[in-house]
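Beneath this line is the structure, given in structure tokens, with notes to follow.
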Amino acid sequence: MLWTRHIKKKVEENRIYIKTVAEVLLLTAMQNLSQRGHLETDTSQNKGNFLEIMELISKHNPLIAKKTKAAGNAKYTSNTIQNEVMECLSEMVREDIIREVKECEYFSVIADETKDLKKTEQLSLVLRYYYNGARASQLDAAGLTQNIIQRLERYGLEYRSNLVGQGYDGASVMAGKCRGVAARIKTEAKHAFYIHCNAHCLNLVIVDAVKAVPEADCFFSLLQKLYVYMSGSYVHQKWITVKKDMYPEAPRELQRLSDTRWACRYSACKTVMDRLPAILRVLHEIDLENSGDRSVEARGLLVQIDLTFIGNLSTFRKILGEIKLLSDVLQSPSLDLAKAVDLIHALQDTLDQYRSESCFDELWQDAMDIAEQCTVASERVKRRVQRESLRLKGYFVDSPIGQHRCKEDDKDKFKREVFYPILDHVHAEMEKRFNKTNCDIMRGIQALNPKSKSFLSEEIVLSLAGLYDCDIEDLEHELYQTRKVFTTFLEPYKEVFHQLFRLCRIALALPVSTYKNHLRTTMTDERLSNIGVLSIERKRARSLSLDDFVTRFATRLSP
């Protein structure tokens, strides 16, 4: 009897101790705190958050103090045990998620791959669904598709009929129309429509349009050179002095260009446009100093700031201003999807209007006024005309030795080579990235929101229903009846309003938009994945039963 009581006491103490270890690991994971220390020896002054918290607890709990001072492997604080504890906890969270996904049926997947500091590709997979991170060894479309499908099958998810959406980045390996991941998965799951983050799409519209127009690409390179040059310590001090002299109001700094948020370049263009006289004055003063490389660079920038540069400034300030307005709407927490679609179409109409002669004449006149104000030359220096050989007089010459006369003025050349190509490429990218299917889905989701003006609009809801093979005839009757029923009571009557309730669950599961830091790059993929689950699913992790965890953990350790 004494021995039995001793064993029971020992078991209870062990359960309390391992629960404490789990609680500390759970706390650090949920709070996104690094757990391991650089040096975890007994003499270290900073053993890392996990061991330091365990030591703090031991000062107030004799049982924990006794266990933490145990010899050998009885401490249960090694990195191996930590990994096993977090794996066990994250499995409990995942199982809870999978149970909910199976109950709700419809879900969508959002996936993205990225390289860590070791250049190892990692694939993150997220499930989105309605309810009351893996390592990528093959980086082609086929390998990533197999990776995603294997994980869905491993968790027993019926993706062929219940996967209703996919959300990835715009890389061709993911979004390629014929052989990309989205296209491959859609052949297996016909309702898995690819939905790219709309705000990101808008960003890529500008990226691709600028890449397609060399003059525009050169313009943004020059804009970045101006920012870098004016940020130098000597030049920046002179820039501050000139700004105070010319503009008494609050100073405005030049904006650094972002490679990922092109809509933000609107402020960069606007600032340069508004402060161009001051910029030119600084460059002229430094040029006159004859102070070596700094003056040479200033002279080079002055040569490049011509009428074409000012025309580009006017063009992109106008176009990016329109795009920034739409971008702000698409990233708003209270996003109205129907309004977003209307704004997308309005932007396309605006681009069409910009293509008129009157709009271009107005823009060019603004550029000429600014050039005159800043004393920028209105024409480029033309090359010397090569004299035609007297022997070829009277003959038609079709070879590189012929004359190269400039028959166009700056205005016509800018319109033909820069302005119209930019408008055409932006318009084409808008049509490609904001296609009819995605717009119908966005409008349909908004029409299922009781706060929307288009709530239960028959035309819009039926368009969405057609994409997911709903019974249109039944749905028409349900829409008529549902308008008479308060929407919050729809779920108790889901058997009566079967098609409409199905459509609502699909709408909530669709991804309308697409965790990791430097310190966590050195850990293993499995540990990172488990920490990610516990951090992101903090609410679930906090509600886990640690008694159930101890039982499961003990089973894992049993031989």
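Between Y266 and F316, the ring centre distance reaches or exceeds 6.0 Å.
The aromatic rings of F360 and F414 lie parallel to each other, their planes meeting at an angle below 30°, with 60° marking the opposite boundary.
Just one of I286, L283, L288 meets the side chain to side chain contact (heavy atoms under 4.5 Å, CB included) condition when paired with S295; it is I286.
If you check the side chains of D469 and H191, you find a donor sitting under 3.5 Å from an acceptor. A side-chain donor-acceptor contact under 3.5 Å links D369 and Q365. E253 and H236 share a side-chain donor-acceptor pair at under 3.5 Å.
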*Determine, stepwise, if the pair R281 / E285 fulfils salt bridge (charged side-chain N to carboxylate O under 4.0 Å, His left out).*
CA-CA 6 Å; R281 176 176 161 182; E285 290 181 3; 3.1 Å; yes
*Run the side-chain contact (heavy atoms from CB on, under 4.5 Å) check on L226 and I305 step by step: do they pass?*
CA-CA 10 Å; L226 273 175; I305 299 178; 4.2 Å; yes
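Taking each heavy atom of A216 and I422 in turn, the nearest pair found is CB-CD1, 4.0 Å.
In this structure a side-chain-to-backbone donor-acceptor pair under 3.5 Å is present from Q304 to G300. Without hydrogens or angle criteria, Y468 side chain to V164 main chain gives a donor-acceptor distance under 3.5 Å. Not one N or O on the side chain of T375 forms a donor-acceptor pair closer than 3.5 Å with the backbone of A371. Between the S356 side chain and the Q353 main chain, a donor and an acceptor come within less than 3.5 Å of each other. Looking at E458, its side chain never comes within 3.5 Å of a backbone N or O of L479 through a donor-acceptor pair. The main-chain N or O of R355 is found under 3.5 Å from a side-chain atom of Y420 such that the two form a donor-acceptor pair.
Around atom CG of D293, no more than 12 heavy atoms belonging to other residues, nucleotides or ligands sit under 6.0 Å away.
Ion pair E429/K432 flagged as a salt bridge, since at least one NZ, NE, NH1 or NH2 atom sits closer than 4.0 Å to an Asp/Glu carboxylate oxygen. Between E357 and K415 a salt bridge is recorded (basic side-chain N to carboxylate O distance below 4.0 Å).
Sorted by first and then second residue, the salt bridge (charged side-chain N to carboxylate O under 4.0 Å, His left out) pairs involving residues 314-323 (not counting sequence neighbours) are D274-R317.
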